[in-house]
Student: 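Dropping the structure in here first, questions after.
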Number of protein chains: 2
Amino acid sequence: MEFRIEIDEKSGVPYYRQIMEQVKFAMARGHLQPGDRLPTVRQLAVDLAINPNTVIRAYRQMEIEGVLETQQGSGTYVGRHQPKIDRLEKQRMLDQILTDLLARASAYGYSVEEVLEGLRQRKEES
Amino acid sequence: MEFRIEIDEKSGVPYYRQIMEQVKFAMARGHLQPGDRLPTVRQLAVDLAINPNTVIRAYRQMEIEGVLETQQGSGTYVGRHQPKIDRLEKQRMLDQILTDLLARASAYGYSVEEVLEGLRQRKEES
DNA sequence: TCTGGTGTGCTATACATATATAACACTAGA
DNA sequence: TCTAGTGTTATATATGTATAGCACACCAGA
């Protein structure tokens with residue numbers, strides 16, 4: 001399963017929200033299918049180096065929303081009701097990421113063009 | 001001056017950070033030039049319908065970083081003396097920023113191409 | 001000089017976020 | 001039945017975020 005969560009500590013976005021967003025995006029992309037088992041609370045907490053309560057908060061919130069189903073003693077699973085992530089929301093998230101990127105870059109004197117060029121080189125290398 | 005700030009209440013990103021990001025982004029794309037006067041603390045607070053202290057926090061943080069200069073009684077301005085940064089460190093920082101970006105983008109399922117396209121659009125807008 | 005607009009400083013309050021720690025309840029498998 | 005692993009709950013603590021309100025200091029212009 002190509003499903004990995006990463007926490008950006010510098011983004012200012014609460015950890016539990018980052019977890020929720022990435023799980024939902026993975027579901028929308030099909031990387032997480034209904035019935036799939038999510039990482040355990042404890043394991044994900046260790047992987048992300050955060051407190052288990054923070055993972056619980058993200059999972060529980062998504063269960064309330066109906067996108068996840070938890071079975072105490074067994075695990076947390078992807079529910080049948082897929083979250084709706086429309087084009088607008090995807091665009092908004094990309095905008096947010098790009099704004100954050102450009103803000104950091106400009107703090108070091110980079111222009112949009114320079115960032116663009118740097119990214120092109122990255123792409124070529126891979 | 002085509003410089004406008006908007007607050008996304010749903011994003012989870014603190015208001016003062018959104019202000020900082022957008023000011024820096026406007027600088028990067030040239031919409032804000034050194035010496036330009038920023039909106040007053042009170043005016044921006046009214047426009048964004050937030051508390052003046054939140055605006056102050058954003059401005060003060062950027063002054064500490066050296067990107068803004070405040071003149072009490074007069075206003076807040078884009079700094080004329082942008083911080084000098086060692087070229088090597090600058091290059092290293094761009095690498096770091098790009099790495100962070102790509103990690104975050106991939107966590108949300110965006111491809112390098114999508115990120116590139118988003119950046120191109122940003123460039124066109126400026 | 002006076003006045004209005006500006007940034008600054010401070011206190012207080014409320015809420016959100018994340019942590020640490022410990023216990024509890026349920027499930028699956030040996 | 002026992003055990004390990006799972007999600008759950010609770011308490012306490014620290015920090016971050018945003019608000020409200022007030023007083024003060026500085027500057028430019030009338």
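Order of the sequence lines sets the chain letters (A, B, ...), proteins ahead of strands, with each chain counted from 1. As the structure is a computational prediction, the values presented were derived from the model and not from experiment.
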Student: Would you say A/Q96 and B/R104 make side-chain contact, with heavy atoms under 4.5 Å?
Tutor: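 Yes. Closest side-chain heavy atoms under 4.5 Å.
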Student: Search all heavy atoms of B/A105 against all heavy atoms of A/I97 and return the closest pair with its distance.
Tutor: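 For B/A105 and A/I97, the tightest heavy-atom pair comes out as CA-CD1, 4.4 Å.
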Student: How many whole angstroms separate atom CZ of B/R37 from atom C1' of D/dA28?
Tutor: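 My rounded result for the distance is 11 Å.
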Student: Does B/I56 reach a base, just sugar-phosphate, or nothing at all? Heavy atoms under 4.0 Å.
Tutor: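 The answer is base, as B/I56 lies within the cut-off (heavy atoms under 4.0 Å) of a base atom.
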Student: Measuring from the side chain of A/Y15 (C-beta onward, heavy atoms only), which nucleotide among C/dA18, C/dA20, D/dG21 has the closest atom?
Tutor: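 Looking only at heavy atoms from C-beta outward on A/Y15, the closest nucleotide is C/dA18.
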Student: Before accepting this row, confirm whether a basic side-chain N of the pair B/R60/B/E63 lies closer than 4.0 Å to the acidic partner's carboxylate O.
Tutor: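 No salt bridge links B/R60 with B/E63.
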Student: Measure CG/B/N51 against P/D/dA18 and give the value in whole Å, please.
Tutor: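 From B/N51 CG to D/dA18 P: 10 Å.
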Student: Name the nucleic acid region contacted by A/Y59, choosing base, sugar-phosphate or nothing; use a 4.0 angstrom heavy-atom cut-off, strictly under.
Tutor: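 The residue A/Y59 makes no contact with any strand.
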Student: Taking 4.0 Å as the cut-off, does a side-chain nitrogen or oxygen of A/T54 come that near to OP1 or OP2 on C/dA18?
Tutor: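 No.
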Student: Just N and O in the side chain of B/R60: are any of them under 4.0 Å from OP1 or OP2 of C/dG9?
Tutor: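 Yes.
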Student: What is the minimum heavy-atom distance between A/Q22 and B/A107, and which atoms define it?
Tutor: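 So the two residues come closest at OE1-CB, 3.3 Å.
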Student: If you assign A/T40 and B/G73 each to the DNA chain D nucleotide with the nearest heavy atom, which residue ends up on the more 5' nucleotide?
Tutor: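 Result: A/T40.
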Student: For B/R42, report the nucleic acid contact type (base, sugar-phosphate, nothing); a contact means any heavy atom under 4.0 Å.
Tutor: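 Counting heavy atoms under 4.0 Å across all strands, the contact made by B/R42 includes a base.
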Student: A/E63 has a side chain; which of C/dT17, C/dT19, D/dT8 sits nearest to it?
Tutor: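 The listed nucleotide nearest to A/E63's side chain is D/dT8.
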Student: Taking the side chain of A/I50 as its heavy atoms from C-beta onward, which of C/dT19, D/dG7, C/dT6 lies nearest to it?
Tutor: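 Selected nucleotide: C/dT19.
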Student: Atom CD of A/Q61 and atom C1' of C/dA16: how far apart are they, to the nearest Å?
Tutor: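 So the CD-C1' distance, A/Q61 to C/dA16, works out to 13 Å.
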Student: Separation of B/R17 atom CZ from D/dT17 atom C1', in whole Å?
Tutor: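 One finds 12 Å between C1' of D/dT17 and CZ of B/R17, rounded.
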Student: State, with a plain yes or no, whether a side-chain heavy atom of A/L94 is found less than 4.5 Å away from one of B/Y110.
Tutor: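 Yes. Closest side-chain heavy atoms under 4.5 Å.
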Student: Looking at CZ of A/R92 and CG of A/D86, how far apart are the two atoms once the value is rounded to the nearest 0.5 Å?
Tutor: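 Nearest 0.5 Å value for the CZ-CG distance: 9.5 Å.
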Student: Indicate whether OP1 or OP2 belonging to D/dG5 is found under 4.0 Å from a side-chain N or O atom of A/S74.
Tutor: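 Looking at the OP1 and OP2 atoms of D/dG5, neither is under 4.0 Å from any side-chain N or O of A/S74.
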Student: Starting at the 5' end of DNA chain C and moving along, which residue's nearest nucleotide shows up first, A/R57 or B/Q72?
Tutor: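 Whichever sits nearer the 5' end wins; that is B/Q72.
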Student: Measuring to OP1 and OP2 of D/dT6, would you say a side-chain N or O of A/T70 lies under 4.0 angstrom away?
Tutor: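 Indeed not, no polar side-chain atom of A/T70 lies that close.
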Student: Starting at NZ of A/K10 and ending at C1' of D/dG16, how long is that distance when rounded to a whole Å?
Tutor: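 My rounded result for the distance is 19 Å.
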Student: Calculate the interatomic distance between A/Q18 atom CD and C/dT17 atom P; express it in whole Å.
Tutor: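 So the two atoms are 12 Å apart, to the nearest Å.
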Student: Is the distance from OP1 or OP2 of C/dT17 to the nearest side-chain N or O of A/Y16 less than 4.0 Å?
Tutor: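 Result: yes.
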Student: Nearest-Å distance, CD1 (B/I64) to C1' (C/dT8)?
Tutor: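 Taking atom C1' of C/dT8 as the reference, CD1 of B/I64 is at 13 Å.
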Student: How many Å lie between CD on A/E69 and P on C/dC26, as a whole number?
Tutor: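 These atoms are roughly 19 Å apart.
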Student: Using the closest heavy atom to pick a nucleotide of DNA chain C for each, name whichever of B/N53 or B/V41 lands nearer the 5' end.
Tutor: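 Result of the comparison: B/V41.
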